[in-house]
Enquirer: 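Following this message is one structure expressed as structure tokens.
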Amino acid sequence: MITIKRKQKILIADDSEMNRSILADMLEDEWEIMEVENGVQAIAAMEKYGVELSLLLLDIVMPELDGFGVLMAMNEHKWIEDIPVIMISAESSPTYIERAYEMGAVDFIVRPFNEVVVRRRVLNTILMYAKQKRLMGMVAEQIYEKQQSSNMMIDILSHIVEFRNGESGWHVRHVHTLTELLLEHLVQKTDQYQLSQDDIATISMASALHDIGKIAIDEKILNKPGRFTDEEFAIMKTHSAIGAELLQDLPLYQDEPLVKFAYEICRWHHERYDGRGYPDGLKGDEIPISAQIVAIADVYDALTSERCYKKAFPHEEAIRMILDGKCGVFNPMVLECLTDIADQLPKELQEEPAMGDDQRNLKNVAQEMLHHADLTASDRTLQLLEKEREKYSFFATMSKEIQFEYNVSPNILTLTPWSAKKLSANEIIAEPRKSDSVRDILGLNNWQELSERLRATSRENPVITYDCKILYQGEPRWSRIVAHAMWTTEEPHMYQGAIGKVIDIHDTRLRLDVLEQLATHDRMTGLLNHASAKEQIIGRMTQKPERTYAMVIFDLDHFKMANDTYGHIFGDQVLQHTAETLRQSIRDTDLAARVGGDEFLLFLEYQQELEPIIERIFHSLTGRYEDFDISVSMGVAKTEEVGTDYETLFHCADQALYTVKRSDRGHYRFYEDSMNKMLSVISPIDGSPEEV
């Protein structure tokens, strides 16, 4: 028999004080009772107490947010997996009851209350969830033990190979860590490869087997301190095919993802993006992404590790050698990922047990189990979290700053008590977009702009600043809003809301910043204006004319339709969305500007092949904003072909764009000399080239 060792918390959410009182009288001798009078307060209580709550008794009809709204929020935040819900309502319609069960309620009690029925159903529900959590904990432990055993066997096998090869015992761990870091960054950068978190974990584990074929290579060749002869190198190169054959010849497990990824990695991690690798001479994305990632991880660790035939290269030199193509040609996107994470690699690869795979796996398992409600926080942890919450509330009050928290679902804006007082607003504002106080204080246009900028952030770049006027103590004042967007950790990453503060920028220094911003930037999109972009571009090309640059001009296809169909405010929102998408798709060193209307300019420096960069940016800009499909036409001109005169460069990029628009739109073209002739003979009727 299961017994409840401590007095557990039950939350009652009902707008009727009488109903709450009756339920409390029935249950308070065995459980600690908490009461709230609407759905917004219920959500705030769940955010505060979390898994401390053993049960929610939920009414349907309540002000601010009804019971179904609470259930929707609980599903969004996955609280429904931790906190069981019993609906208690006078609404006995089958439609209500069915909807409650569909949204995750475990029971439904119709008023008037029967004390015996209420107590028994409450007890049964709490005991059922207690049993479930115990069982899930046991399953989690078994899964973790099996994963540890699998990792151990792979480590043993791969270290046997390393022992014969005379390599450091850390090579396997380093390749595993590098593979995981590169894959994590790759899926954040592009959705081209459609890799789940499970895929990333499996590929990282399979990377340990990349050199298993070396078991069959003679030790004299493996450990030769000098350069291989042609014959020895030919023998050495066979290890990739041999490793793949070993895995292919396994009598079992051929359908297992681990074996499939391991086969790809073993056979093709020495292929190169230009087709000059071995054993099959694959080219580009013919090479599985698993093998591409392990290839660059293997090369980096080989360069930075001491071997019998060479000294270790410093980290910076190893990165430079890979980027300069001295170790073969790699996928430009993967090279971008390597560049992005380069600064953190030395720390990640420190040879300390605390940074090993066991700890990393433990962290991943713990996060996964928490997501599925398999683990619960200890009383001590909850007490520490509550103490941190109290400290935050105190410091927020003492800072004398307007501080806020915004949740998308449920759609609630929360202000600190001091902030609410200064703004003459409520601490909790439901549906802020529809709120009179938000409209009066911030304005709906500013709210919409702020919302769009936050949604356009990413987990890697979550912070935005936005300058606008707000009504502060009855007076309109220029203020700067600094906000940090919150994103879910699991795939796909979903925008959840934001936390932030409002800074008064009435003082002279910050006002000058704002005036400078207004002079050099487009007010609607926040991008550079054309004049400022032109000045900076000319400056760069004048100072460093030997470098290679590209200018990109693009505009939105059928943009007039957005204005005509949905109105000019919606059209402005489409432009702002496009600008923010562009901002997220380029590097900090690139220049982006709004030329005018729906036309944009991008100026970038490049060292490797340009087209993959253009293609990535082009595809990032296409998509959908609400009910409007976004398509772009794009023209590109390169300084190495047309020179560094600004007007010529702009004119050539514009001609390439015009060529696209006179064909079928929705793609990009690089400038060619032939475009001058073609554009001069465009038919005014159907846009097709004709003889002059």
Enquirer: Can we say D340 and K189 salt-bridge, meaning some charged N sits less than 4.0 Å from an Asp/Glu carboxylate O?
Expert: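 Salt bridge between D340 and K189, a charged N being under 4.0 Å from a carboxylate O: yes.
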
Enquirer: Step by step, work out the side chain to side chain contact (heavy atoms under 4.5 Å, CB included) result for D25 and E28.
Expert: CA-CA 6 Å; D25 288 343; E28 64 185 359; 3.8 Å; yes

Enquirer: If you look at every heavy atom in L454 and W487, which pair is closest and at what distance?
Expert: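 Between these two residues, the closest heavy atoms are O-CZ2, 4.2 Å.
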
Enquirer: Do Y566 and D627 get their side chains close enough for a donor-acceptor pair, meaning under 3.5 Å?
Expert: no

Enquirer: According to the interplanar angle, ranging from 0 to 90°, do the rings of F108 and Y101 count as parallel (below 30°), tilted (30 to 60°) or perpendicular (above 60°)?
Expert: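 Taking Y101 first and then F108, their aromatic rings sit tilted (interplane angle of 30° to 60°).
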
Enquirer: Determine whether a donor-acceptor pair (N or O, by modelled atom type, separation under 3.5 Å) exists between the side chain of S419 and the backbone of Q403.
Expert: yes

Enquirer: Within 45° of the six-membered ring axis of F68 and under 6.0 Å from that ring's centre, is NZ or CZ of R99 located there?
Expert: yes

Enquirer: Kindly give the heavy-atom pair with the smallest separation between W79 and A73, and that separation in Å.
Expert: CE3-O, 4.5 Å

Enquirer: Return yes if a side-chain donor-acceptor contact under 3.5 Å exists between E47 and N407, otherwise no.
Expert: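 The answer is yes; a qualifying pair exists.
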
Enquirer: Salt bridge check: are R594 and E599 linked by an N-O gap of less than 4.0 Å?
Expert: no

Enquirer: List for me each residue that meets ring pair (Phe, Tyr, Trp, His ring centres under 6.0 Å) alongside Y625, sequence neighbours excluded, and say none if there are none.
Expert: F570, H577

Enquirer: P476 versus I470: any side-chain heavy-atom pair under 4.5 Å?
Expert: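 They are not in side-chain contact.
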
Enquirer: Are there more than 12 heavy atoms of other residues, nucleotides or ligands under 6.0 Å from atom CD of E17?
Expert: no

Enquirer: Within the 4.5 Å heavy-atom criterion, are V122 and I10 side-chain neighbours or not?
Expert: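 V122 reaches I10 side chain to side chain.
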
Enquirer: Can any side-chain N or O of R616 pair as donor or acceptor with the backbone N or O of S585 at less than 3.5 Å?
Expert: yes

Enquirer: Tell me yes or no: between the side chains of Q573 and E452, is some donor less than 3.5 Å from an acceptor?
Expert: no

Enquirer: At what distance, to the nearest 0.5 angstrom, does CD1 of I12 lie from CD of E37?
Expert: 13.5 Å

Enquirer: With E64, which residues qualify under side-chain hydrogen bond (donor to acceptor under 3.5 Å, both in side chains), at least two apart?
Expert: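 E64 satisfies side-chain hydrogen bond (donor to acceptor under 3.5 Å, both in side chains) with no residue once adjacent residues are dropped.
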
Enquirer: Report yes if the side chains of M46 and K48 come closer than 4.5 Å at any heavy-atom pair, otherwise no.
Expert: no

Enquirer: Count the heavy atoms of every other residue, nucleotide or ligand shown that sit under 6.0 Å from CZ of R433, and state whether that count exceeds 12.
Expert: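 No, CZ of R433 has 12 or fewer neighbouring heavy atoms, counting only those of other groups under 6.0 Å.
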
Enquirer: Stepwise, does the side chain to side chain contact (heavy atoms under 4.5 Å, CB included) test hold for V552 with F600?
Expert: CA-CA 8 Å; V552 180; F600 296 83; over 6 Å; no

Enquirer: To check you understand the geometry: which heavy-atom pair defines the closest contact between A105 and M87, and what is its length?
Expert: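 Here A105 and M87 meet closest at CB-CG, 3.7 Å.
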
Enquirer: From the options D522, L556, L527, select the one residue that forms a side-chain contact (heavy atoms from CB on, under 4.5 Å) with L575.
Expert: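 Looking at D522, L556, L527, the match for L575 under the side-chain contact (heavy atoms from CB on, under 4.5 Å) is L556.
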
Enquirer: Would L56 and M74 satisfy side chain to side chain contact (heavy atoms under 4.5 Å, CB included), going step by step from the backbone distance to the final call?
Expert: CA-CA 11 Å; L56 170 61; M74 292 181 72; 3.8 Å; yes

Enquirer: Is the shortest side-chain heavy-atom distance between V106 and I86 below 4.5 Å?
Expert: yes

Enquirer: Compare all side-chain heavy atoms of W31 with those of S54 and state whether any distance is below 4.5 angstrom.
Expert: no

Enquirer: Is there a donor-acceptor pair under 3.5 Å between the side chain of S532 and the backbone N or O of L528?
Expert: no

Enquirer: Starting at CD of Q197, measure out to CG of L183 and round the result to the nearest 0.5 Å.
Expert: 9.5 Å

Enquirer: Nearest 0.5 Å, what's the CD1-CG distance between I83 and L55?
Expert: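 Going from CD1 on I83 over to CG on L55, the span is 9.5 Å.
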
Enquirer: NE2 of H77 to CE of M72: how many Å apart, nearest 0.5 Å?
Expert: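 These two atoms lie 12.0 Å from each other.
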
Enquirer: Do you know which two heavy atoms are closest between T457 and R453, and how far apart they sit?
Expert: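 Where T457 meets R453 most closely, the heavy atoms are CG2-O, 3.3 Å.
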
Enquirer: Can you tell me how far the CG atom of L186 sits from the CD1 atom of I200, to the nearest 0.5 Å?
Expert: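 Result: 8.0 Å between the selected atoms.
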
Enquirer: Okay, side chain of T578, backbone of V574: is any donor-acceptor separation there less than 3.5 Å?
Expert: yes

Enquirer: Is there a donor-acceptor pair closer than 3.5 Å between any side-chain N or O of R480 and the backbone N or O of V482?
Expert: no

Enquirer: Side chains of S89 and Y96: does their closest heavy-atom pair fall under 4.5 Å?
Expert: no

Enquirer: Is any side-chain heavy atom of L450 closer than 4.5 Å to a side-chain heavy atom of I464?
Expert: yes

Enquirer: When you measure from the side chain of D557 to the backbone of G666, do you find a donor-acceptor pair of N or O atoms at a distance under 3.5 Å?
Expert: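 Yes; judged by distance alone, with no hydrogens or angles, the pair exists.
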
Enquirer: Answer yes or no: is there a side-chain heavy-atom contact under 4.5 Å between I481 and L442?
Expert: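 Answer yes - side chains close enough.
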
Enquirer: Strictly below 4.0 Å, N to O, side chains only: are E580 and R583 in salt-bridge contact?
Expert: yes

Enquirer: Do D14 and R20 meet the salt-bridge criterion of a basic N to acidic O distance under 4.0 Å?
Expert: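 Not counted as a salt bridge, because no side-chain N and carboxylate O are separated by less than 4.0 Å.
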
Enquirer: Walk me through it: do N446 and Y466 pass the test side-chain hydrogen bond (donor to acceptor under 3.5 Å, both in side chains)?
Expert: CA-CA 9 Å; N446 284 330; Y466 178 59; 2.7 Å; yes

Enquirer: Give a yes or no answer on whether the side chain of N75 reaches the backbone of L71 with a donor-acceptor pair at less than 3.5 Å.
Expert: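 Checked: pair present.
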
Enquirer: Of all heavy-atom pairs between G39 and V70, which one has the smallest distance, and what is that distance?
Expert: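 Smallest heavy-atom distance, with atoms named: CA-CG2, 3.5 Å.
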
Enquirer: Check the pair E449 / Q576 against side-chain hydrogen bond (donor to acceptor under 3.5 Å, both in side chains), numbers first and verdict last.
Expert: CA-CA 8 Å; E449 169 71 7; Q576 292 162 357; 3.2 Å; yes

Enquirer: Mind listing the closest non-hydrogen atom pair of M62 and G67 along with its distance?
Expert: CE-N, 3.9 Å

Enquirer: Judged by atom type as modelled, is there a donor-acceptor pair below 3.5 Å linking the side chain of T565 to the main-chain atoms of M561?
Expert: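 Yes; at least one donor-acceptor contact below 3.5 Å.
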
Enquirer: Check the pair Q496, V408 against side chain to side chain contact (heavy atoms under 4.5 Å, CB included), reporting the backbone distance first and the verdict last.
Expert: CA-CA 5 Å; Q496 290 183 304; V408 173; 5.6 Å; no

Enquirer: For S620 and I617, indicate whether the former's side chain and the latter's backbone hold a donor-acceptor pair under 3.5 Å.
Expert: yes

Enquirer: I'd like to know if E336 pairs up with R587 as an ion pair, taking the criterion as any Lys NZ or Arg NE/NH1/NH2 lying under 4.0 Å from an Asp or Glu carboxylate oxygen.
Expert: no

Enquirer: Verify, without hydrogens or angle tests, whether D572 (side chain) and I569 (backbone) share a donor-acceptor contact under 3.5 angstrom.
Expert: no

Enquirer: Give, for atom CD1 of I428 and atom CD of Q41, the distance between the pair rounded to the nearest 0.5 Å.
Expert: 6.5 Å

